[in-house]
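Presented below is the structure to which this report refers.
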Amino acid sequence: AFVLGAPPTDVAMRRQVGFLPEDFRFYDWLSATELIRLHGRLCGMSAAALRDLVPGVLDLVGLTPHRDRRVGAFSKGMLQRLGLAQALVHEPQVIFLDEPTSGLDPMGRRLVRDILRAQRARGATVFLNSHLLSEVEITCDRVAFIKDGEVVASQDLSASRAENLRVVVEVRAVPPGVLAGLTQWTAIANHDGERLSFMLESKGTLPDVLRYLVGAGLDVYGVATERASLEDVFVKIMGKDRGL
């Protein structure tokens, strides 16, 4: 593996990386200010530089009122924001965040999203690992799906927003074999009472699908389309081996 053109063991390179693990442990007896200062020194920053930067990064994550409070008295949400602060204090070029919104309320999640957008705007690359797909969809430019330790698919989210389509067709009875026949256009098709739902990669294939359904003997009473969510795309990609 190479990060910023250097192997992971390169100390100079690692000083340009910010990291927030999902399961972090901080020194309970330090104050928030002392903790951020410590992590800044570990990244090679001078004490003089940290005097100016630490107050700013604590303010960025909304912890200024608690800057002198011991970390051991922090709530989970406060610790999560403190962890983000330590990952950003040295203004890294690459930032790795594992479940950064875990334990945060809606306002806290919005704060994190705004911070990540600001980091992206200054030119940093942010790798976000999360099972909260709605957060990924709002925040990220690209998404990769990992299964059994391997990347099985990756997508430009702006492109997937334009293409992936969820279709719901109002029907009555569905003759045997119709769902199997839909596999030429979609990998996922479900029939629930009077609703037939499926995913399409392109809106341009919808007329062909509707002609197929009518030709198969279905009475179509209505068609509704909407942009597929990232969760829909996830099920489509990751559910293939599970028969979904």
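Note that the coordinates shown come from a computational prediction; the quantities given were computed from them, not determined experimentally.
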Transitive ILVMFWY side-chain link V17 to L116, under 4.5 Å: no
Check the surroundings of atom CG in D68: do more than 12 heavy atoms from other residues, nucleotides or ligands lie under 6.0 Å from it? yes
Would you find a donor on one side and an acceptor on the other, under 3.5 Å apart, between the side chain of R110 and the backbone of M107? no
Quick check: does any side chain N or O of Q93 sit under 3.5 Å from a backbone N or O of T125, one acting as donor and the other as acceptor? no
Stepwise side-chain contact (heavy atoms from CB on, under 4.5 Å) check, L182 with L213: CA-CA 9 Å; L182 283 172; L213 293 176; 4.1 Å; yes
Under the side-chain contact (heavy atoms from CB on, under 4.5 Å) rule, what do L79 and K76 come out as? Steps first, then yes or no, please. CA-CA 5 Å; L79 286 172; K76 179 173 174 54; 5.6 Å; no
What residues form a ring-ring contact (aromatic ring centres under 6.0 Å, His included) with F19, not counting sequence neighbours? none
If you take all heavy atoms of L4 and Q16, which pair is closest and at what distance? CD1-CB, 3.7 Å
Rounded distance (nearest 0.5 Å) linking atom CG of L30 with atom CD1 of I36: 10.5 Å
Is the count of non-hydrogen atoms from other residues, nucleotides or ligands lying under 6.0 Å from E150 atom CD greater than 12? no
Which heavy atom of T64 sits nearest a heavy atom of P55, and at what distance? OG1-O, 4.3 Å
Just checking R14: does its CZ atom have more than 12 heavy atoms from other residues, nucleotides or ligands closer to it than 6.0 angstrom? no
Report the distance from atom CD of Q80 to atom CG of L97, rounding to the nearest 0.5 Å. 9.5 Å
In short, M78 meets R69 closest at the heavy-atom pair CE-NH1, 3.7 Å
Nearest-0.5 Å distance, NE2 of residue H191 to OG of residue S197: 9.5 Å
Is it the case that over 12 heavy atoms from other parts of the model lie below 6.0 angstrom from the CZ atom of R195? no
Any donor and acceptor pair, going by atom type alone, linking the side chain of R120 with main-chain N or O of A124 inside 3.5 Å? no
Treating S31 as the side-chain partner and E34 as the backbone partner, does any N or O pair qualify as donor plus acceptor under 3.5 Å? yes
Heavy-atom count check: over 12 atoms from other residues, nucleotides or ligands less than 6.0 Å from R70 CZ? no
Taking the side chain as every heavy atom from C-beta outward, state whether R81 and L104 have any atom pair closer than 4.5 Å. yes
Please say which of T205, L210, L206, L196 ends up in a side-chain contact (heavy atoms from CB on, under 4.5 Å) with V167. L206
Among the clusters formed by ILVMFWY side chains lying less than 4.5 Å apart, do L42 and L84 turn up in the same one? yes
Could you tell me whether W185 and Y212 have their ring centroids closer than 6.0 angstrom? yes
Test item: E99 side-chain N/O and D23 main-chain N/O as donor-acceptor pair under 3.5 Å: no
Are V174 and Y221 connected, step by step, through hydrophobic side chains (Ile, Leu, Val, Met, Phe, Trp, Tyr) whose heavy atoms are closer than 4.5 Å? no
Measure the CG-CZ distance between L50 and R37 for me, rounded to the nearest 0.5 Å. 7.5 Å
I'd like to know if the side chain of T33 reaches the main chain of R67, judged simply by a donor and an acceptor atom lying under 3.5 Å from each other, with no hydrogens or angles considered. yes
Testing the basics here: between A87 and P92, what is the closest heavy-atom pair and its distance to 0.1 Å? O-CG, 3.4 Å
Check whether any side-chain heavy atom of L82 lies under 4.5 Å from a side-chain heavy atom of L58, and answer yes or no. yes
If you take all heavy atoms of V61 and A85, which pair is closest and at what distance? CG2-CB, 4.0 Å
Under 4.5 Å between side-chain heavy atoms, counting indirect links through other Ile/Leu/Val/Met/Phe/Trp/Tyr residues: same cluster for V152 and V136 or not? yes
C140 and L128 have their tightest heavy-atom pair at SG-CD2, 3.7 Å
What is the ring orientation for F26 with F24, classed by angle as parallel under 30°, tilted 30 to 60°, or perpendicular over 60°? parallel
Using the rule that Ile, Leu, Val, Met, Phe, Trp and Tyr join whenever any side-chain heavy atoms are under 4.5 Å apart, tell me whether V89 and Y27 fall into a single cluster. yes
Could you state the interatomic distance from CG (L35) to CG (D28), rounded to the nearest 0.5 Å? 10.0 Å
Any side-chain heavy atom of L20 sitting closer than 4.5 Å to one from I95? no
